[in-house]
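Every heavy atom of this structure was used, including side-chain atoms; hydrogens, water molecules and symmetry mates were not.
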Amino acid sequence: MKATSKASKSASRIDLHMHSTASDGRLSPTAVVQRAADQGVRLMALTDHDTLEGLPEAQAAAAQCGIDCIPGIELSARWARGVVHIVGLDIDITTPILLEGVARQQTERRQRAVRIAERLTRAGISDITERLERLAQGVPGRAHFARALVEQGAVPTVQAAFERYLKRGRPGYAAVEWARIEEVVAWIHAAGGIAVFAHPLRYGLSRGALRAAIQAFVDAGGQSIEVANGGGGRDDQVAAAALARRFGLTGSKGSDFHDPDFPWIEIGRLAPLPPDIPAVWERFRETPAESVSG
Ligand code: AMP
Ligand code: MN
Ligand code: MN
Ligand code: MN
């Protein structure tokens, strides 16, 4: 392993946020890595929700494909006024503090899944537990319930499942006691990683509330923010870049790819960072230089 040289890195070949069947993605870790390689990505991170389970397989696949896979995770976090997602990048996945934290989050997810299933059953949805067990191979999430609701015929699309049943205030919503933002950032730091404030424009927060959430993240020692994201448009990127500058954060890029049936969010299809924003990947401990050149 050689230290990376800044000049060698090509931002268009980088995607640091995606999901596999270890959480709510539709492709196995191997298939995600192969898809990233096919899309021309040379530096990727698999960032499943609250689990490290897919990482060994992803790393083995990346070695096969000749691309770099940085160990990552997307942790759900609680702050004063809601839930945000914090991506941890370049983490040591053997760190006990991180492993304990992740185990705690998974317990919360499993307990919430039982509560969601109870609520959906009460709302007249049949066979939800059986469907969930089949559809959630890794840690369960609301996306699995959304797919179960589509399969059952209760709603036409995953989006509609969130709108009608799963989002806050709907019959299948169950609250979760996620770890606090400071705890989540501390786990990532204990694992030698970098904490990234994920998809800032996707929480539906007012400008003031979003700034308060990022301030809480910065106060906890968070270092980076996703500037380029799969879902958002140009306006979101401009706003996220402004937040990076305002809070002095490095910029990350991540598609948040989940599902090949949603081709509008494809791996690696991300705009470059504005040149004045330092790239988070320049802060990784080490990356083989040849893998990100050109
Ligand atoms: P969870 O962390 O289990 O509460 O679920 C959050 C995940 O659900 C996100 O990472 C997305 O994959 C998915 N999700 C949330 N809202 C929506 C939505 N409106 N449409 C489609 N997927 C969604
Ligand atoms: Mn997800
Ligand atoms: Mn997220
Ligand atoms: Mn994600």
Side-chain angles (χ1 to χ4, degrees), residues 1-6 8-75 85-95 98-99 102 137-139 187-188 191-196 198 223-224 226 228-230 250-260 265-270 273 279-294:
M1 298 270 272
K2 284 183 285 181
T4 33
S5 74
K6 293 189 183 202
S8 70
K9 290 174 180 171
S10 167
S12 62
R13 295 168 167 228
I14 294 172
D15 188 336
L16 301 173
H17 186 157
M18 55 192 93
H19 296 270
S20 76
T21 47
S23 67
D24 59 4
R26 292 284 298 281
L27 301 179
S28 70
T30 299
V32 171
V33 172
Q34 280 166 351
R35 195 178 182 95
D38 290 347
Q39 294 294 330
V41 168
R42 304 303 305 271
L43 175 62
M44 65 165 284
L46 182 67
T47 54
D48 276 307
H49 297 283
D50 301 301
T51 182
L52 303 163
E53 215 53 49
L55 295 175
E57 184 186 319
Q59 246 130 12
Q64 285 285 316
C65 295
I67 73 173
D68 279 310
C69 183
I70 295 294
I73 191 165
E74 181 173 17
L75 291 159
H85 288 175
I86 307 299
V87 166
L89 295 176
D90 202 18
I91 46 176
D92 175 351
I93 65 172
T94 67
T95 307
L98 175 65
L99 291 168
V102 168
Q137 292 172 33
V139 293
W187 302 340
I188 293 167
I194 299 172
V196 184
Q223 304 113 303
S224 187
E226 274 178 5
N229 196 249
T250 63
S252 187
K253 302 183 13 156
S255 62
D256 208 359
F257 172 83
H258 283 74
D259 188 336
I265 298 183
E266 181 54 88
I267 297 174
R269 220 185 280 154
L270 294 158
L273 289 182
V280 67
W281 51 91
E282 304 290 355
R283 309 289 162 89
F284 292 164
R285 284 169 289 185
E286 50 180 351
T287 305
E290 61 276 16
S291 68
V292 282
S293 62

Worked check of side chain to side chain contact (heavy atoms under 4.5 Å, CB included) between L89 and V280
CA-CA 9 Å; L89 295 176; V280 67; 4.3 Å; yes

Can you tell me how far the CD atom of E74 sits from the NE2 atom of H85, to the nearest 0.5 Å?
5.5 Å

Could you tell me which non-hydrogen atom of H17 sits nearest to which non-hydrogen atom of A198, and how far apart they are?
CE1-CB, 4.2 Å

Could you tell me if the side chain of L43 sits less than 4.5 Å from the side chain of I14, heavy atoms only?
yes

side-chain contact (heavy atoms from CB on, under 4.5 Å) involving S28 - partner list, sequence neighbours excluded
T21, T30, A31, E57

Closest non-hydrogen atom pair between H19 and L46, with its separation:
C-CD1, 3.9 Å

Nearest heavy atoms of I188 and A195, plus distance in Å
CG2-N, 3.9 Å

Measure the shortest side-chain to side-chain distance between L16 and T47 over non-hydrogen atoms and say whether it is less than 4.5 angstrom.
no

Is H258 close to I265 at the side-chain level, that is, under 4.5 Å between some pair of heavy atoms?
no

With heavy-atom distances below 4.5 Å as the criterion, would you say the side chains of I91 and L52 are in contact?
yes

Closest approach of C65 and Q34, non-hydrogen atoms and distance?
SG-CG, 3.9 Å

Could you walk me through whether T95 and W187 pass the side chain to side chain contact (heavy atoms under 4.5 Å, CB included) check?
CA-CA 9 Å; T95 307; W187 302 340; over 6 Å; no

So, taking the atom named OG1 in T250 and the one named CD in E282, what distance separates them when rounded to the nearest 0.5 Å?
10.0 Å

Checking the side chain of E226 only, and the main-chain atoms of V196 only, is there a donor and an acceptor separated by less than 3.5 Å?
no

Apply side chain to side chain contact (heavy atoms under 4.5 Å, CB included) to residues R13 and V41 and explain how you reach the verdict.
CA-CA 4 Å; R13 295 168 167 228; V41 168; 5.6 Å; no

Donor-acceptor contact below 3.5 Å, side chain R26 vs main chain S20
no

Counting N and O atoms only, with roles assigned by atom type, does the side chain of S23 sit under 3.5 Å from a partner on the main chain of D48, one being a donor and the other an acceptor?
no

Looking only at heavy atoms, which two atoms of G54 and A22 are closest? And how far apart?
N-CB, 3.7 Å

d(C69 SG, Q59 CD) to nearest 0.5 Å is 5.0 Å

Do F284 and I194 come close enough that some side-chain heavy atom pair is under 4.5 Å?
yes

Considering all heavy atoms of both residues, which atom of L55 and which atom of I93 are nearest to each other, and what is their separation?
CD1-CG2, 3.6 Å

Hey, what do you get for CD1 (I267) to CD (Q39), rounding to the nearest 0.5 Å?
6.5 Å

Might you work through the side chain to side chain contact (heavy atoms under 4.5 Å, CB included) test for V102 and L75, ending with a clear yes or no?
CA-CA 8 Å; V102 168; L75 291 159; 4.2 Å; yes

Return the set of residues passing side-chain contact (heavy atoms from CB on, under 4.5 Å) with R269 (not counting sequence neighbours), or none when no residue passes.
E266

Answer yes or no: is there a donor N or O on one side and an acceptor on the other, between the side chain of D15 and the main chain of S255, under 3.5 Å?
yes

Nearest-0.5 Å distance that lies between atom CD1 in I70 and atom CH2 in W281
12.0 Å

Side chain of R42, backbone of G66: donor and acceptor closer than 3.5 Å?
yes

Within a strict 4.5 Å, meaning less than it, do heavy atoms of the D256 and M18 side chains meet?
no

